[in-house]
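All heavy atoms count here, side chains included; hydrogens, waters and symmetry mates do not. It should be emphasised that the depicted structure is a prediction, and the values quoted were computed from it without experimental measurement. The chains referred to below are lettered A, B, ... by the order of the sequence lines, with proteins before strands, and numbering in each begins at 1.
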Amino acid sequence: MNFIISATQQAIKQLYNEAVEASVINIQETRKEFAGQVTVLVFPFIKFSKKSPEATGTDIGNYLLENVEEVTAFNVVKGFLNLSIADHYWLDLFHHTLLSPDFGKPKSNGKKVMVEYSSPNTNKPLHLGHVRNNLLGYAVAELLAADGFDVVKVNLVNDRGIHICKSMLAWQKWGNGETPESSGLKGDHLVGKYYVIFDKEYKKEIDALVAEGQSPEDAKKNAPLIKEAQQMLLAWEAGDEEVIGLWKKMNGWVYDGFAITYKNLGVDFDKYYYESNTYLLGKDTVDEGLAQGVFFKKPDGSVWIDLTAEGLDQKLVLRADGTSVYITQDLGTAQMKYDDFKMDQSIYVVGNEQDYHFKVLFAILEKLGKAWAGGLYHLSYGMVDLPSGKMKSREGTVVDADDLIAEMVATARQKTESLGKTSDFSDEERQMLYQNIGLGALKYFLLKVEPKKRLLFDPSESIDFQGNTGPFIQYTHARIKSLLQKANYQFREDSLSFSGELAPTELEMIMLLAKYPAEVSAAAQAHSPAFLANYLYEVAKLFNKFYHEVPPIIKEENESLKQHRLHICKVTADVLKAGMKILGIEVPERM
RNA sequence: GCCUCCAUAGCUCAGCUGGAUAGAGCACCGGUUUUCUAAACCGUAGGUCACAGGUUCGAAUCCUGUUGGGGGUACCA
């Protein structure tokens, strides 16, 4: 639509002898209730024309009508100049842009971006909150790749610390040598079971101590179990073989379990980092900061940074005893990741409870003069809450990822069977279909809402399969594929002969489909898969309208019109498939 | 206390840099199948865009304040 902008600039120059910047020309799609496809806002020009908005719009409209070949008519409503653009313009766009083989394909921008997501603790299975993180991280990575970035997906596994020791200790005490094999439990669930047992026993001890007269705070510190767990962490850090052996064994179970969940979710990583390897990093950075005078040492030997000028607080970066805190590790890890990949941008997909942490982290790296600090971004997303409140693994009030996936697949199966359209599928095909539809519903449900908004999930209400949902879009795609197959559709250059009038919905389809690359790009820049999800829904919805309005395409006798409509179907299917792929959702050929 | 995010239909959400009469889905009510997949389509109804000011030709959108809710707040990660 650039030609409208430049033509409007010329119009202003000719009519009012005023040179205006292109940015002043505000054009938008014409609302459906008015004639035309493109609307120019005339409000900014009335100061040049010294006329009413209506008169100004009419002036410009007349100029465009006379001087721009594609403009076939115009009307002015208040300050809105609505332009009708010739069908041949849209057909040309359709034939040469939308139907070209590289439409919607990524064009490399030569930049590298890292997306860190998932980052689980290895003491318990994944729950719905992690599912949101994983799907968001994966989709954002795919979006950036579709927008031309070279993407590195990274998982920083939190595999050490007191929480792991809690599971280990409980298993030692009460596990009786139970293994995933002996119990039939998925590894991460088995370990999570002992995490819950630890918490239960720990609480009993606290209660007992409180009954003996200790304050709750003291009781929490003095309970024998927590002391033992701390002891175990010290032994781990000292390299105690027995503790390390147990740690490796139990973490191994967890990784086996996670691998299954990741596979079901369809997420993957190019590189894993483990906190057991990175927890000592960052001390070099602290030395660097001290040498630069960015950090300062307090009399007790602890190291701090003063960020009050940045509107933040003073922040500890190293304890008096020389041991690290969370931010120390993250400083070191950020440096290591940069040294490994030299990426232009780095995105951390982490919940909004850590907003403050990342503000501080980025501010520190900025102050240390790291040239790459400007490319760091915290993709902060809202928590997933239940009607009862926050999910807590320790208390078992979580929606388990594996259970939820299984439930979604079972619902997809039930729904599909009741419709009875897939009786000729093999068992394998059927299983694949249920998986795709169930996961499609779940993924779309989580991705269609803006990341930063918190999400309420009511386990008693099942996720929809109708309306603005993943299966709706999948269905639309399957429907098109079935149509194309029945029509024996093959794309051929010489079939681009249609030159007649476009039906209103056809025109709408072409305009909407043409926006696909811009939508992907906008979604990538906003780090928001929700943008894309809502766009794909619009495409599917409009297509279904088109499908109902237009007489059966296969029976169309005008061959050129038939091919034309099949082309629209084809581009729609391609856009839905490519877009859903970015969201991590497979679209079946039939369902 | 301070910082930060959120508030749009009964419910779940769109509404991108300020533009025309605020849009979808679910649920509710009614209609469409001898025509390419009815997981679809069409229609009815549903709104003080939390509240109050301000900026502007124009505010759900920007600014200030208030209320309500989430999160954070210096040696947990």
Within the 4.0 Å heavy-atom criterion, would you say A:Phe472 contacts the bases, only the backbone, or no part of the nucleic acid? sugar-phosphate
Are more than 12 heavy atoms from other residues, nucleotides or ligands located less than 6.0 Å from atom CD of A:Gln490? no
With heavy atoms under 4.0 Å as the rule, sort A:Glu549 into base, sugar-phosphate or nothing. nothing
Base, sugar-phosphate, or nothing: which does A:Ile437 touch, judged by heavy atoms less than 4.0 Å apart? base
Run the salt-bridge test on A:Lys562 and A:Glu557 with the 4.0 Å N-O cut-off and return the result as yes or no. no
Salt bridge check: are A:Glu450 and A:Lys452 linked by an N-O gap of less than 4.0 Å? no
Can you find a side chain N or O atom of A:Lys78 that sits less than 4.0 Å from OP1 or OP2 on B:G19? no
Between A:Asp424 and A:Arg590, is there a salt bridge with N-O shorter than 4.0 Å? yes
Is A:Val384 touching bases, backbone alone, or none of the nucleic acid, heavy atoms closer than 4.0 Å? nothing
Choosing from B:C57, B:G72, B:G25, which nucleotide comes nearest the side chain of A:Glu353? B:G72
Please report the distance, rounded to the nearest Å, between CZ in A:Phe43 and P in B:G58. 10 Å
I'd like to know if A:Glu586 pairs up with A:Lys577 as an ion pair, taking the criterion as any Lys NZ or Arg NE/NH1/NH2 lying under 4.0 Å from an Asp or Glu carboxylate oxygen. no
Ring centroids of A:Trp304 and B:A74 base under 5.5 Å with planes under 30°: no
Shortest side-chain distance from A:Gln329, nucleotide among B:C57, B:A77, B:U37: B:A77
Within 45° cone and under 6.0 Å: A:Lys448 NZ/CZ vs A:Tyr537 ring: no
Parallel, tilted or perpendicular: which fits the ring planes of A:Tyr274 and A:Tyr272, with parallel below 30° and perpendicular above 60°? parallel
Would you find a donor on one side and an acceptor on the other, under 3.5 Å apart, between the side chain of A:Ser49 and the backbone of A:Lys51? yes
Which of these nucleotides, B:A77, B:A24, B:A20, is closest to any side-chain atom of A:Tyr537? B:A24
With a 4.0 Å cut-off on heavy atoms, is A:Tyr356 in touch with a base, just the backbone sugar-phosphate, or nothing at all? sugar-phosphate
Flag the pair A:His357 / A:Tyr326 as yes when their ring centroid distance falls below 6.0 Å, and as no otherwise. yes
Among B:A20, B:C36, B:A24, the one nearest any side-chain atom of A:Arg31 is B:A20
The side chain of A:Val325 is closest to which nucleotide in this list: B:A77, B:A20, B:U35? B:A77
How would you list, by chain and number, every residue that makes a ring-ring contact (aromatic ring centres under 6.0 Å, His included) with A:Tyr475, sequence neighbours excluded? none
Between residues 475-489 of chain A and RNA chain B, which residues have a heavy-atom gap below 4.0 Å? A:Tyr475, A:Ala478, A:Arg479, A:Ser482, A:Leu483, A:Lys486
Between CZ of A:Phe295 and P of B:A74 the distance, given in whole Å, is 18 Å
Nearest-Å distance for atom pair CG/P, residues A:Leu233 and B:C76: 12 Å
Option from A:Ile364, A:Thr285, A:Ile305, A:Val317 for which side-chain contact (heavy atoms from CB on, under 4.5 Å) with A:Val294 holds: A:Ile305
For the residue pair A:Phe45 and A:Phe48, does the interplanar ring angle fall in the parallel (under 30°), tilted (30 to 60°) or perpendicular (over 60°) class? parallel
Below 30° counts as parallel, above 60° as perpendicular, anything between as tilted: where do the rings of A:Tyr489 and A:His567 land? perpendicular
Using only heavy-atom distances, determine whether the side chains of A:Asn544 and A:Arg479 contain a donor-acceptor pair under 3.5 Å. yes
When we call it a touch if two heavy atoms are under 4.0 Å apart, what does A:Gln474 touch: a base, just sugar-phosphate, or nothing? nothing
Side-chain-base donor-acceptor pair under 3.5 Å for A:Thr469 and B:A39: no
Parallel, tilted or perpendicular, as decided by the 30° and 60° cut-offs, for the rings of A:Tyr377 and A:His527: parallel
What nucleic acid atoms does A:Ser380 come within less than 4.0 Å of, heavy atoms only: base, sugar-phosphate, or nothing? nothing
Which is more 5' along RNA chain B, the nucleotide nearest A:Asp464 or the one nearest A:Asn26? Just name the residue. A:Asn26
Kindly give the atom pairs (protein nitrogen or oxygen, nucleotide nitrogen or oxygen) under 3.5 Å for nucleotides 31-34 of chain B.
none

Please check if the number of heavy atoms outside A:Lys221 that lie under 6.0 Å from its NZ is greater than 12. no
Of all of residues 418-425 of chain A, which get a heavy atom below 4.0 angstrom from RNA chain B, listed by number? A:Leu419, A:Lys421
Could you give the CD-to-C1' distance, from A:Gln466 to B:A38, as a whole number of Å? 10 Å
Assign a letter to each nucleotide of nucleotides 7-17 of chain B from its 5' end: B, base within under 4.0 Å of a protein heavy atom; S, sugar-phosphate only; -, no contact. S----SSSS--
A:His378 NE2 to B:G71 P, straight-line distance once rounded to whole Å: 16 Å
A:Tyr381 OH to B:G72 P, straight-line distance once rounded to whole Å: 13 Å
Could you check how far NZ of A:Lys359 sits from C1' of B:G72, rounded to whole Å? 10 Å
For RNA chain B, what string of dots and brackets results from 5' to 3' when Watson-Crick and G-U pairs need both distances under 3.5 Å, crossing pairs get [ ], and pairs with another strand get |? (((((((..((((.....[...))))..((((.......))))......(((((..]....))))))))))))....
Would you please say whether a donor-acceptor pair under 3.5 Å links the side chains of A:Tyr279 and A:Asp159? no
Are any of the side-chain nitrogens in A:Asp199 or A:Lys166 under 4.0 Å away from the carboxylate oxygens of its partner? no
Within the structure shown, what part of the strands sits under 4.0 Å from A:Gln314 by heavy-atom distance: base, sugar-phosphate, or nothing? base
Salt bridge check, A:Glu29 against A:Lys515: does any charged N sit closer than 4.0 Å to a carboxylate O? yes
Select base, sugar-phosphate, or nothing to describe what A:Met383 touches, counting heavy atoms under 4.0 Å on all strands. nothing
Picking from B:U35, B:C41, B:A20, the nucleotide nearest the side-chain atoms of A:Thr30 would be B:A20
First encountered from the 5' end of RNA chain B, between A:Tyr326 and A:Leu433: A:Leu433
By centroid distance (under 5.5 Å) and plane angle (under 30°), are A:Phe80 and B:A20 in a stacked arrangement? yes
Across the strands shown, which category fits A:Asn82 at heavy-atom distances under 4.0 angstrom: base, sugar-phosphate, nothing? base
